[in-house]
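Some notes on the structure that comes next.
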Amino acid sequence: WAIRRLGAQESTLGVAFLVNAAAGAAAAYLVGHLSDRFGRRPLVLATLAGQVALMVGFLAVGGNELAGLGLVCVAGLFFQPGNPATQAIVADLVPVARHEAGYAAVRVASNLGTTMGPPFGAVLIALASWSALFAGAALVALLGFVLALRLFPARGAFSPAEPPARRSMPVVLHDRPFVLFLLSALLAYLVYVSFELVLPISLVQSHGVSPVAWGLIFVLNPLLVALFQLPLTARL
């Protein structure tokens with residue numbers, strides 16, 4: 001969309017993705033602390049409402065490159081910050097004995113969403129336009145907001161009685177095995193995100209693959225994860 005509709009250069013879009021990621025990481029860290037203080041529900045609702053507004057913003061920019069890339073830069077503020085609260089709410093809702101199953105279920109649901117999202121977007125682009133894609137995404141985010149508003153409790157049955165007494169970063173940095181795990185995850189995501197964001201641009205721009213075709217190809221990976229990751233992990 002940014003390259004074809006707005007006329008942006010690949011290098012410019014790469015910078016926009018960098019700003020997006022940096023803003024999202026900083027906001028996610030801040031929102032994680034805020035969710036400890038004020039609860040998970042209001043932060044999840046705020047980020048979902050922000051996603052609706054962001055999609056409407058993409059609809060409104062038309063062909064304005066500066067406005068469109070500006071929204072790409074701030075998009076991380078509306079997508080990444082909800083992740084800490086969404087992850088933490090699992091521990092608030094289920095007992096410790098069910099944490100593994102709870103987080104595994106969230107991962108499967110996430111991959112099912114990733115499986116359904118690209119074909120949904122591909123159909124909207126093929127039958128209508130990029131504007132239809134953003135309108136559809138806005139409706140999906142709005143549906144998520146309504147469901148969270150109706151179903152998320154103000155406080156989970158297993159929520160901590162008080163906010164944590166210590167800041168999380170010193171605790172994390174002093175746990176060397178966990179720091180090693182984080183560094184390995186960072187290296188893995190450097191590869192994964194490059195594949196996820198750069199490969200479709202390369203295929204569409206340089207190799208003649210249509211956006212619709214890429215949307216259908218992309219779902220194979222999350223579909224395999226959703227179907228086989230939990231049973232394969234259990235067997236191993």
Side-chain angles (χ1 to χ4, degrees), residues 1 17 20-21 24-25 27-28 31-32 35 40-41 43-59 71-72 75-94 98-128 130 132-152 185 188-189 192-200 211-233:
W1 169 76
F17 279 143
N20 172 307
V31 168
S35 72
R40 321 299 182 193
R41 186 172 183 266
L43 277 303
V44 171
L45 291 173
T47 54
L48 286 169
Q51 290 174 25
V52 176
L54 180 69
M55 293 302 113
V56 173
F58 281 131
L59 275 171
L71 287 178
V72 172
L77 298 176
F78 301 104
F79 284 98
Q80 302 304 327
N83 290 339
T86 303
Q87 294 291 322
I89 203 170
V90 175
D92 290 349
L93 295 177
V94 300
R98 292 178 55 200
H99 278 186
E100 183 177 354
Y103 282 106
V106 169
R107 176 160 175 80
V108 170
S110 174
N111 277 280
L112 286 175
T114 306
T115 300
M116 293 183 288
F120 172 68
V123 168
L124 291 177
I125 295 173
L127 297 181
W130 289 103
L133 171 65
F134 294 132
L139 290 176
V140 171
L142 180 61
L143 176 61
F145 177 87
V146 172
L147 289 175
L149 184 65
R150 292 180 61 88
L151 299 178
F152 273 15
Y189 271 101
Y192 179 77
V193 176
S194 296
F195 148 78
E196 188 177 40
L197 296 181
V198 179
L199 181 61
V212 173
W214 169 248
L216 298 176
I217 293 170
F218 180 77
V219 306
L220 296 177
N221 175 52
L223 180 62
L224 290 174
V225 172
L227 291 177
F228 298 113
Q229 183 177 39
L230 290 184
L232 182 60
T233 301

Taking every non-hydrogen atom, the tightest pair across [X] and [Y]:
X	Y	value
Gly102	Val90	C-CG1, 3.9 Å
Val219	Pro119	CG1-CD, 3.2 Å
Val44	Ala148	CG1-CB, 4.5 Å
His99	Ala91	NE2-CA, 3.6 Å
Tyr103	Ala88	OH-CA, 4.3 Å
Ala27	Leu77	CB-CD2, 3.7 Å

- [ ] Answer whether the closest heavy-atom distance between the side chains of Phe79 and Leu54 falls below 4.5 Å.
- [x] yes
Could you state the interatomic distance from [atom1] ([X]) to [atom2] ([Y]), rounded to the nearest 0.5 Å?
X	Y	atom1	atom2	value
Leu127	Leu133	CG	CG	12.0 Å
Trp1	Phe134	CH2	CZ	4.5 Å
Met55	Leu139	CE	CG	11.5 Å

- Task: Tell me, with the steps shown, if Phe120 and Val140 meet side chain to side chain contact (heavy atoms under 4.5 Å, CB included).
- Result: CA-CA 11 Å; Phe120 172 68; Val140 171; 4.0 Å; yes
Inset, instruction - Say whether, by atom type as modelled, one donor and one acceptor occur between the side chain of Arg40 and the main chain of Thr86 under 3.5 angstrom. - result: no
Legend entry - Side-chain donor or acceptor of Thr115 paired with backbone N/O of Asn111 under 3.5 Å: yes
_Between Leu149 and Arg41, does the side chain to side chain contact (heavy atoms under 4.5 Å, CB included) criterion hold? Intermediate values first, please._
CA-CA 8 Å; Leu149 184 65; Arg41 186 172 183 266; 3.4 Å; yes
Evaluate the criterion side chain to side chain contact (heavy atoms under 4.5 Å, CB included) for residue pair Phe78 and Val52; output intermediate values, then yes/no.
-> CA-CA 9 Å; Phe78 301 104; Val52 176; over 6 Å; no
- [ ] Check whether more than 12 heavy atoms from other residues, nucleotides or ligands sit under 6.0 Å from atom OH of Tyr189, and answer yes or no.
- [x] no
